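Below is one structure, written out as structure tokens, with a few remarks after it.
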Amino acid sequence: MEGYADQGAGTDSTEQIGFKAARRTRKKRRGLTVFQLKVIGAVALVLSAGSTTIVPMLFGSDTNNMTSLTAMVLSEVASWFAIPIYAWLLVQGFLKTHSRVAYGLQLFALAVVCEVPYDLATSGKTFDLGSQNPVFGLFVAFVVLAALEWVGEHYQKAMKVVFSVLLVVVGVLWDLLLRVGLRQHMMSIGAVTLGFVLIFKLMRQYENSMMFTAGLFGAVMMITPGVGVAFVHYDNGRLGYKHSWTKWAWYAVYPIILIFCAICAKLA
């Protein structure tokens, strides 16, 4: 994500920061980098897109084939562990980006680019209103975060609370009405993404409470999103790559996965 700064730079010298602080620093660095989190997320994207494309190729597309149907559902549900990962990356990008306008436009452009491949992979149609790709969920969450920040700067006390609640409700309704990330009619990924984004943003100063709340929320949302919170918990704040073009390459990962799966669907 743009603006996700390389944190944790500094010294490990025990003389300068003390043994306990040095131990905490080394432990933090042994966690997962942004690059590794994105790789884990990409695996989940393959599971999701492949649930309706690659799985039927392997087990058959007959609707009466219980093996195939079970594999499809399990692949989709398993992929949901990526929801808190991308929600976490979105919040970090929102907080650290140099230009929120550019960041928001990049998310929206990615969502638009992904939509046709997403429709082809999920329904075999070039245009389908039955479900919108989950990147739109990230964009909606970004807009809600930006609006909440604006409200916080211009209103206080009761009015701030009222407008904030209204903004969250509007965001959830957009996700539900647009069917953002609605896969196999099981769960709105867009609405769940917004929930995680709000937890990570509003509770970021209380890490233990934040992770506990996110884990509980994920467990309620079909268990697997709670597993994703465990990956987020081990984020070490480092990018994990050196070249700036790597960031842009990640924007192409999801469209490429969708196009590949859409081709598989045509061949099935």
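Please read these numbers as outputs of a predicted model, since none were measured by experiment. Side-chain atoms are counted along with the backbone in the values below, which use heavy atoms only and exclude waters and symmetry mates.
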Neighbour count above 12 (heavy atom, 6.0 Å) for Q156 CD | no
Going from [atom1] on [X] to [atom2] on [Y], what distance comes out if it is rounded to the nearest 0.5 angstrom?
X	Y	atom1	atom2	answer
F59	L69	CZ	CG	11.5 Å
I263	L258	CD1	CG	11.5 Å
N208	H233	CG	NE2	7.5 Å
M210	Q205	CE	CD	11.0 Å

N/O donor to acceptor pairs below 3.5 angstrom from side-chain atoms of residues 212-225, sequence neighbours left out:
unit_1	atom_1	unit_2	atom_2	d
T213	OG1	S209	O	2.7
T224	OG1	V77	O	2.8

Taking the six-membered ring for Trp, are F139 and F108 parallel (under 30°), tilted (30 to 60°) or perpendicular (over 60°)?
-> tilted
Can you list every pair that meets ring-ring contact (aromatic ring centres under 6.0 Å, His included) and has a residue in residues 154-175, with sequence neighbours left out?
-> W150-H154, Y155-F163
Is the gap between the ring centers of Y103 and F142 under 6.0 Å?
-> yes
Answer yes if the ring centres of W88 and F231 are under 6.0 angstrom apart, and no otherwise.
-> no
Nearest heavy-atom neighbours spanning [X] and [Y]:
X	Y	value
I83	V192	CG2-CG1, 4.0 Å
S164	V151	OG-CG1, 4.0 Å
Y86	G41	OH-C, 3.3 Å

[X] side chain vs [Y] backbone, donor-acceptor pair below 3.5 Å:
X	Y	value
S75	L47	no
Q36	T33	yes
Q132	G181	no
S79	E76	yes
R100	F94	yes
D175	V180	no

Can you give me every donor-acceptor pair (side chain of residues 122-130, partner residue at least two apart or in another chain, under 3.5 Å) with its distance?
unit_1	atom_1	unit_2	atom_2	d
T122	OG1	Y118	O	2.7
S123	OG	D119	O	2.8
S123	OG	K125	N	3.3
S123	OG	D128	OD2	3.2
D128	OD1	G130	N	3.1

Please lay out, stage by stage, how L148 and L198 fare under the test side chain to side chain contact (heavy atoms under 4.5 Å, CB included).
-> CA-CA 10 Å; L148 286 174; L198 292 174; 3.7 Å; yes
Give the C-alpha distance, both sets of side-chain angles, the deciding distance and a yes or no for side chain to side chain contact (heavy atoms under 4.5 Å, CB included) between W248 and Q106.
-> CA-CA 10 Å; W248 299 106; Q106 289 164 16; 3.4 Å; yes
Does V232 reach the side chain of F200, with side-chain heavy atoms less than 4.5 Å apart?
-> yes
Hey, mind stepping through L182 and I189 against side chain to side chain contact (heavy atoms under 4.5 Å, CB included) and telling me if it holds?
-> CA-CA 6 Å; L182 182 63; I189 293 177; over 6 Å; no
Are L194 and V144 close enough, and set up right, to give a side chain to side chain contact (heavy atoms under 4.5 Å, CB included), and what steps lead you there?
-> CA-CA 8 Å; L194 178 58; V144 171; 4.1 Å; yes
